[in-house]
Peer 1: 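Sharing a structure here in structure tokens format.
These numbers come from a predicted model, not from an experiment. By convention in this document, chain letters (A, B, ...) are assigned in the order of the sequence lines, proteins followed by strands, and residues within each chain are numbered from 1. Heavy-atom basis, side chains included; hydrogens, waters and symmetry copies ignored.
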Number of protein chains: 2
Amino acid sequence: MSMDTDTSRPKYELVADAIDRRAGELNPHDALPSERELMQQLNVSRMTVRRAIEQLVRRGLVYQVHGSGTFVADPAVVTKTLHLTSFTEDMVQRGLTPTTTVLSSATTQATAEVARRLGIQPGDEVFCLERLRLADGSPMALERVHLPPLGIDFATIDPATSLYAQMEARGWTVERAAQTIEAVNLDHTQARALDQAVGAAALRVTRVSFNDAGQPVEHAMTIYRGDRYGYDLVISRHAG
Amino acid sequence: MSMDTDTSRPKYELVADAIDRRAGELNPHDALPSERELMQQLNVSRMTVRRAIEQLVRRGLVYQVHGSGTFVADPAVVTKTLHLTSFTEDMVQRGLTPTTTVLSSATTQATAEVARRLGIQPGDEVFCLERLRLADGSPMALERVHLPPLGIDFATIDPATSLYAQMEARGWTVERAAQTIEAVNLDHTQARALDQAVGAAALRVTRVSFNDAGQPVEHAMTIYRGDRYGYDLVISRHAG
DNA sequence: AAGTGGTCTAGACCACCGC
DNA sequence: CGGTGGTCTAGACCACTTC
């Protein structure tokens with residue numbers, strides 16, 4: 001196979017790509033070559049083939065039946081699994097252009113609720129940021145973010161751009177996030193900021209993000225306009 | 001180790017349990033024994049140890065740092081990853097008692113939208129079920145479910161109990177589901193059924209469920225009372 | 001340099017499916 | 001029965017962190 005030019009990516013990913021390409025030429029529910037065949041054709045060990053297929057199964061591209069074979073899945077949904085995206089990434093993915101208006105930005109003391117969610121003490125210094133997020137120029141969401149004091153100089157944060165990107169750049173990689181999604185009626189202030197009628201339905205998404213060590217690195221509360229925003233997700237039984 | 005009495009469960013799960021127990025005795029961010037140590041102590045190969053740890057990483061119980069070690073994660077959230085549950089399971093998990101009132105139940109012809117989502121032709125026979133779901137006796141959600149004609153005799157379905165359980169029993173295992181969550185204002189009919197004010201905010205969850213071959217096996221639209229229901233989920237960057 | 005996790009191999013046996 | 005995926009082993013080398 002033509003994998004000998006790439007040294008940076010692990011072999012099982014290259015194998016996964018190769019199998020994926022082959023699956024693309026077949027119809028749904030067609031059988032793929034057996035693992036032992038693939039292993040010979042691609043000149044890798046069976047474990048590498050299995051690891052590659054494991055990825056494809058998780059992505060919903062193929063499925064396996066014990067004793068029978070590996071088959072191409074029906075592509076009904078597939079794609080867009082669920083990525084843990086920032087507002088910026090989310091809007092870009094929907095084909096919209098995101099912009100941001102900073103409403104306030106300050107270092108304050110954590111309230112009891114914020115402290116509890118961030119695993120710190122009430123009164124500890126936190127960075128609080130309130131922003132209006134727009135898509136294609138019109139208001140999409142109101143957002144209030146709290147960052148815990150984890151060794152970052154709050155003064156160096158640019159409140160107008162993607163926080164996730166800035167966190168990544170400083171080695172804060174977000175690995176997991178817990179969210180609660182609720183439906184609320186907009187009050188006067190929110191309605192005015194979002195250019196909506198008072199009482200209009202909106203989504204309130206409350207999120208705490210964690211790094212891979214399970215430490216909270218962000219708390220965010222976002223209110224999305226109900227008429228412009230829907231929350232899409234694909235749940236799979238595995239992978240959890 | 002004491003794994004010699006169990007033959008039904010794969011060894012890597014038993015190893016995962018053993019490592020999990022050991023992690024439970026440590027504090028967050030404490031180091032676990034290295035993979036090579038565990039492999040000797042538990043008398044298994046390294047691949048089995050790694051596969052066990054891989055599960056624990058996905059569950060958020062431990063984390064690994066290349067070149068450094070495997071550590072106990074901060075248990076901040078952990079648990080309740082995201083299960084793909086039915087209304088019944090969901091309510092039980094919240095400590096509520098679910099009951100159901102069947103509003104209508106009939107075999108009809110698929111509308112264009114339902115047909116598109118279920119991957120069938122408009123006009124094909126589908127089973128349509130409308131139910132009011134209650135928790136601890138008070139209304140929680142309004143639900144409309146469509147089932148495609150996949151070889152099940154619709155007449156044998158009990159509309160008053162969990163559809164997921166009945167589907168499982170007939171070998172329809174749901175493997176994946178795509179959902180859209182939106183915020184809506186209740187109209188008169190919905191408000192009356194849910195014992196809410198007209199215009200109150202509610203969550204509308206639209207779901208298509210798939211088996212492991214990617215075939216749609218259910219389409220459901222559910223409207224949850226906004227004052228009683230929130231949608232919790234944990235997103236992890238991996239496992240997708 | 002020593003120790004850690006990350007990748008990969010070659011081979012084995014088991015459990016399940018279909019003929 | 002032969003072929004399939006599912007599990008497991010023993011060993012190797014690489015990449016990275018820590019000292």
Side-chain angles (χ1 to χ4, degrees), chain A residues 1 3-4 6-19 22-23 26 29-58 61-73 171 173 175 212-213 238, chain B residues 1 3-4 6-19 22-23 26 29-58 61-73 171 173 175 212-213 237-239:
Chain A
M1 67 185 298
M3 300 193 310
D4 33 29
D6 195 329
T7 53
S8 59
R9 293 213 307 162
K11 200 179 279 190
Y12 64 84
E13 283 191 15
L14 304 178
V15 172
D17 288 349
I19 299 175
R22 181 168 311 203
L26 301 174
H29 311 296
D30 281 356
L32 283 165
S34 74
E35 296 177 351
R36 289 168 179 81
E37 284 181 73
L38 288 169
M39 147 189 170
Q40 287 183 2
Q41 293 174 19
L42 302 176
N43 195 31
V44 296
S45 76
R46 181 148 171 241
M47 199 201 109
T48 304
V49 170
R50 279 185 63 72
R51 187 151 177 195
I53 293 179
E54 188 188 346
Q55 286 204 334
L56 301 177
V57 169
R58 270 216 290 264
L61 298 171
V62 307
Y63 62 99
Q64 294 190 296
V65 181
H66 191 172
S68 179
T70 304
F71 307 90
V72 179
T173 56
E175 196 55 31
D212 62 359
H238 295 149
Chain B
M1 68 184 298
M3 299 193 312
D4 33 27
D6 195 327
T7 53
S8 58
R9 289 213 307 163
K11 200 179 278 190
Y12 64 84
E13 284 193 13
L14 304 177
V15 171
D17 288 348
I19 299 175
R22 181 167 312 201
L26 300 175
H29 311 296
D30 281 356
L32 283 165
S34 75
E35 296 177 352
R36 290 168 179 82
E37 284 181 72
L38 287 169
M39 144 190 175
Q40 287 183 1
Q41 292 173 19
L42 302 175
N43 196 30
V44 295
S45 76
R46 181 149 170 239
M47 197 201 111
T48 304
V49 169
R50 280 185 62 74
R51 185 150 181 196
I53 293 179
E54 187 189 346
Q55 286 204 333
L56 301 178
V57 169
R58 270 215 292 265
L61 298 171
V62 307
Y63 63 98
Q64 294 190 296
V65 181
H66 190 173
S68 178
T70 304
F71 306 90
V72 180
T173 56
E175 195 56 29
D212 61 359
R237 163 183 288 184
H238 294 150

Peer 1: By nearest atom, which of the nucleotides D:dC16, C:dT9, D:dT18 is closest to the B:Ser68 side chain?
Peer 2: D:dT18

Peer 1: Assess whether a salt bridge exists between B:Arg50 and B:Glu54, defined as any Lys/Arg side-chain N lying under 4.0 Å from an Asp/Glu carboxylate O.
Peer 2: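 Salt bridge absent between B:Arg50 and B:Glu54.
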
Peer 1: Nearest of D:dT4, C:dG5, D:dT18 to any side-chain atom of B:Arg36?
Peer 2: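 Among the listed nucleotides, the one closest to the side chain of B:Arg36 is C:dG5.
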
Peer 1: A:Val65 or B:Gly67: which one's nearest nucleotide on DNA chain D is closer to the 5' end?
Peer 2: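 Mapping each residue to its closest nucleotide by heavy atoms, the 5'-most match is A:Val65.
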
Peer 1: Does the side chain of A:Arg51 get closer than 4.0 angstrom to OP1 or OP2 of C:dC8 through an N or O atom?
Peer 2: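 Indeed not, no polar side-chain atom of A:Arg51 lies that close.
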
Peer 1: Give one of base, sugar-phosphate or nothing for B:Glu13, where a contact means two heavy atoms less than 4.0 Å apart.
Peer 2: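 Answer is nothing: B:Glu13 stays at 4.0 Å or more from every strand.
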
Peer 1: Measure from the side chain of A:Tyr12, starting at C-beta and using heavy atoms only, and say which of C:dG5, C:dC8, C:dT9 lies closest.
Peer 2: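 Out of C:dG5, C:dC8, C:dT9, the nucleotide with an atom closest to A:Tyr12's side chain is C:dC8.
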
Peer 1: Counting only side-chain heavy atoms from C-beta out, which of D:dT4, C:dT9, C:dC8 sits nearest to A:Ser34?
Peer 2: D:dT4

Peer 1: Counting side-chain heavy atoms from CB outward, which of D:dG5, C:dC8, D:dT9 is closest to B:Thr48?
Peer 2: D:dT9

Peer 1: Side chain of A:Glu37 only, please: which of C:dG6, C:dC8, D:dT4 is the nearest?
Peer 2: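 Among C:dG6, C:dC8, D:dT4, the one nearest the side chain of A:Glu37 is D:dT4.
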
Peer 1: Nearest-nucleotide wise, let me know which of B:Thr70 and A:Met39 is further upstream toward the 5' end of DNA chain C.
Peer 2: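 Comparing both residues, the 5'-ward one is B:Thr70.
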
Peer 1: State which of D:dC8, D:dT4, C:dG5 makes the closest approach to the side chain of B:Ser45.
Peer 2: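 The closest nucleotide is D:dC8.
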
Peer 1: By nearest nucleotide on DNA chain C, pick out whichever of A:Met47 and B:Leu32 is the more 5' one.
Peer 2: B:Leu32

Peer 1: Under 3.5 Å, is there a donor-acceptor pair linking the side chains of A:Gln41 and A:Arg36?
Peer 2: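 On atom types as modelled, these side chains do not qualify, holding no pair under 3.5 Å.
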
Peer 1: For the residue pair B:Gln40 / B:Arg46, report whether a side-chain donor-acceptor contact shorter than 3.5 Å exists.
Peer 2: no

